[in-house]
Amino acid sequence: MSFAVGFDLDMTLIDARPGMAAAMHALGRESGLALDGDHFAANLGPPLDMVLRGFEAPEERIPGLIDRFRELYPDVVIGSTLPLPGAAEALRAVKERGGRTLVVTGKYALNARRHLDHFGWEVDALAGELWADAKGAALREHGASVYVGDHGGDVLGARAADAVAVGVATGPFTAEQLAEAGADVVLASLLEFPAWLDGYLASAHGVDDRDHQPQR
């Protein structure tokens, strides 16, 4: 059976909040701008240029600020990042059931790849610097029928690809907010994902759940 599942990265697969806060605070100190790392880390999802505009950074300085943040990132963020509960199991569940995995994220693709490599997670495709409905193009390109994310913007991405929007309440959006944003299903965490995937595959293909037990 051929199918593909897309995953967001920040607060869906990984918790990078401590490092993200530290990197933004460092950028603020270097630049002399009022950049609130704690607020940034508590609301991960939107792309960096949008975040910096929200902090009222001068427009002409934003490209340089983004470049510097990306330079700080490997040393400050990668090592302090933790996998979220069930992340590795969710990726493995897709592969064991014959599917393909892709990560579609607003994060700079090179740093997203560093996170995946750090945890030894192999995915079939990675697309970075995409936000909200713009994620839909990458999901369509790779034939994803499901997109998993923690933010209302991820729901918009799934909708743009006509994919099932699976919300996980591990980020800034509560379960209620994800449902209100239009998620088709909301999970407390990715620990619930393998069982949900079995039910989804059985329903989508009209076969017995036993046909979707992990491949040995």
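If you read the sequence from its start, that first residue is 1, and numbering goes on from there.
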*Asks:* Could you tell me whether the side chain of V146 reaches within less than 4.5 Å of the side chain of L197, counting heavy atoms only?
*Replies:*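 Not touching, per the 4.5 Å side-chain cut-off.
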*Asks:* Return the CD1 to CG distance between I14 and L84, rounded to the nearest 0.5 Å.
*Replies:*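 It is 8.0 Å, given to the nearest 0.5 Å.
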*Asks:* Is there a side-chain contact between P74 and N111 (heavy atoms, below 4.5 Å)?
*Replies:*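 In short, these two side chains touch, coming nearer than 4.5 Å.
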*Asks:* Please check: side-chain N/O of R113 versus main-chain N/O of L126, any donor-acceptor pairing under 3.5 Å?
*Replies:*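 No, the answer is negative, given that no donor and acceptor are paired below the 3.5 Å cut-off.
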*Asks:* T12 side chain to L9 main-chain N or O, any donor-acceptor pair under 3.5 Å?
*Replies:*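 No, T12 side chain to L9 backbone: no donor-acceptor pair under 3.5 Å.
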*Asks:* What pairs of residues pass the salt bridge (charged side-chain N to carboxylate O under 4.0 Å, His left out) test when at least one of them lies in residues 133-152, not counting sequence neighbours?
*Replies:*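 Those involving residues 133-152 are D8-K135, K135-D154, R140-D162.
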*Asks:* Check whether R68 reaches the backbone of S31 with its side chain - one donor and one acceptor, N or O, closer than 3.5 Å.
*Replies:*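 It does not hold such a pair.
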*Asks:* So which atom in S189 and which in V168 form the shortest heavy-atom distance, rounded to 0.1 Å?
*Replies:*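 Smallest interatomic distance, heavy atoms only, reads C-CG1, 4.2 Å.
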*Asks:* Rounded to the nearest 0.5 Å, how far apart are CG of L201 and CH2 of W196?
*Replies:*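 L201 CG to W196 CH2: 7.5 Å, rounded to 0.5 Å.
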*Asks:* Would you check if Y73 and H115 make a side-chain contact, meaning some heavy-atom pair closer than 4.5 Å?
*Replies:*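 They are in side-chain contact.
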*Asks:* Which atom pairs, one a donor and one an acceptor, fall under 3.5 Å between side chains of residues 39-51 and the rest of the protein, sequence neighbours left out?
*Replies:*
from	atom 1	to	atom 2	distance (Å)
N43	ND2	H39	O	2.8
D49	OD2	R53	NH1	3.2

*Asks:* State which residues pass ring pair (Phe, Tyr, Trp, His ring centres under 6.0 Å) with F55; sequence neighbours excluded, sorted by chain then number.
*Replies:*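 Testing F55 for ring pair (Phe, Tyr, Trp, His ring centres under 6.0 Å), a comparison that skips the adjacent residues, returns none.
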*Asks:* Quick check: Y200 with F3 (ring centres under 6.0 Å apart)?
*Replies:*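 Centroid separation for F3 and Y200: 6.0 Å or greater.
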*Asks:* Between A163 and A144, what is the shortest heavy-atom contact and its length?
*Replies:*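 In this case the closest contact between A163 and A144 is CB-O, 3.8 Å.
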*Asks:* Got a sec: does the CD of E56 have more than 12 other heavy atoms crowding it under 6.0 Å?
*Replies:*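 Counting other residues, nucleotides and ligands, CD of E56 stays at 12 neighbours or fewer.
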*Asks:* Flag the pair V103 / L13 as yes when at least one side-chain heavy-atom distance between them is below 4.5 Å, and no otherwise.
*Replies:*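 A side-chain contact exists here, since the closest heavy-atom pair is under 4.5 Å.
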*Asks:* So do L110 and R70 actually touch side chain to side chain, heavy atoms under 4.5 Å?
*Replies:*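 Contact flag for R70/L110 side chains = no.
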*Asks:* What heavy-atom pair brings L33 and A57 nearest, and what distance separates the two atoms?
*Replies:*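 Taking L33 first and A57 second, the nearest heavy atoms are CD1-CB, 4.1 Å.
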*Asks:* Can you tell me if CD on E122 sees more than 12 non-hydrogen neighbours from other groups inside 6.0 Å?
*Replies:*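 Not more than 12 within 6.0 Å, no.
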*Asks:* Any sub-3.5 Å donor-acceptor pair from D124's side-chain atoms to L102's backbone N or O?
*Replies:*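 Answer holds: no.
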*Asks:* Any idea which heavy atoms bring F69 and M24 closest together, and the distance?
*Replies:*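 Here F69 and M24 meet closest at CE1-N, 3.9 Å.
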*Asks:* Identify the two heavy atoms, one from W121 and one from A87, that lie closest to each other, and give their separation to 0.1 Å.
*Replies:*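 Here W121 and A87 meet closest at CH2-CB, 3.7 Å.
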*Asks:* If only atom types and distance count, is the side chain of D184 paired as donor or acceptor with the main-chain N or O of V166 below 3.5 Å?
*Replies:*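 Not a single qualifying donor-acceptor pair exists.
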*Asks:* For T174 and A169, work out which heavy atoms get closest and say how close.
*Replies:*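 Heavy atoms of T174 and A169 come nearest at C-CB, 4.3 Å.
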*Asks:* Looking at side-chain heavy atoms only, is the closest gap between D10 and M20 below 4.5 Å?
*Replies:*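 When only atoms from C-beta onward are counted, M20 and D10 do touch, with a gap below 4.5 Å.
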*Asks:* Kindly indicate whether the side chain of V123, heavy atoms from C-beta on, has any atom under 4.5 Å from the side chain of F7.
*Replies:*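 V123 does not reach F7 side chain to side chain.
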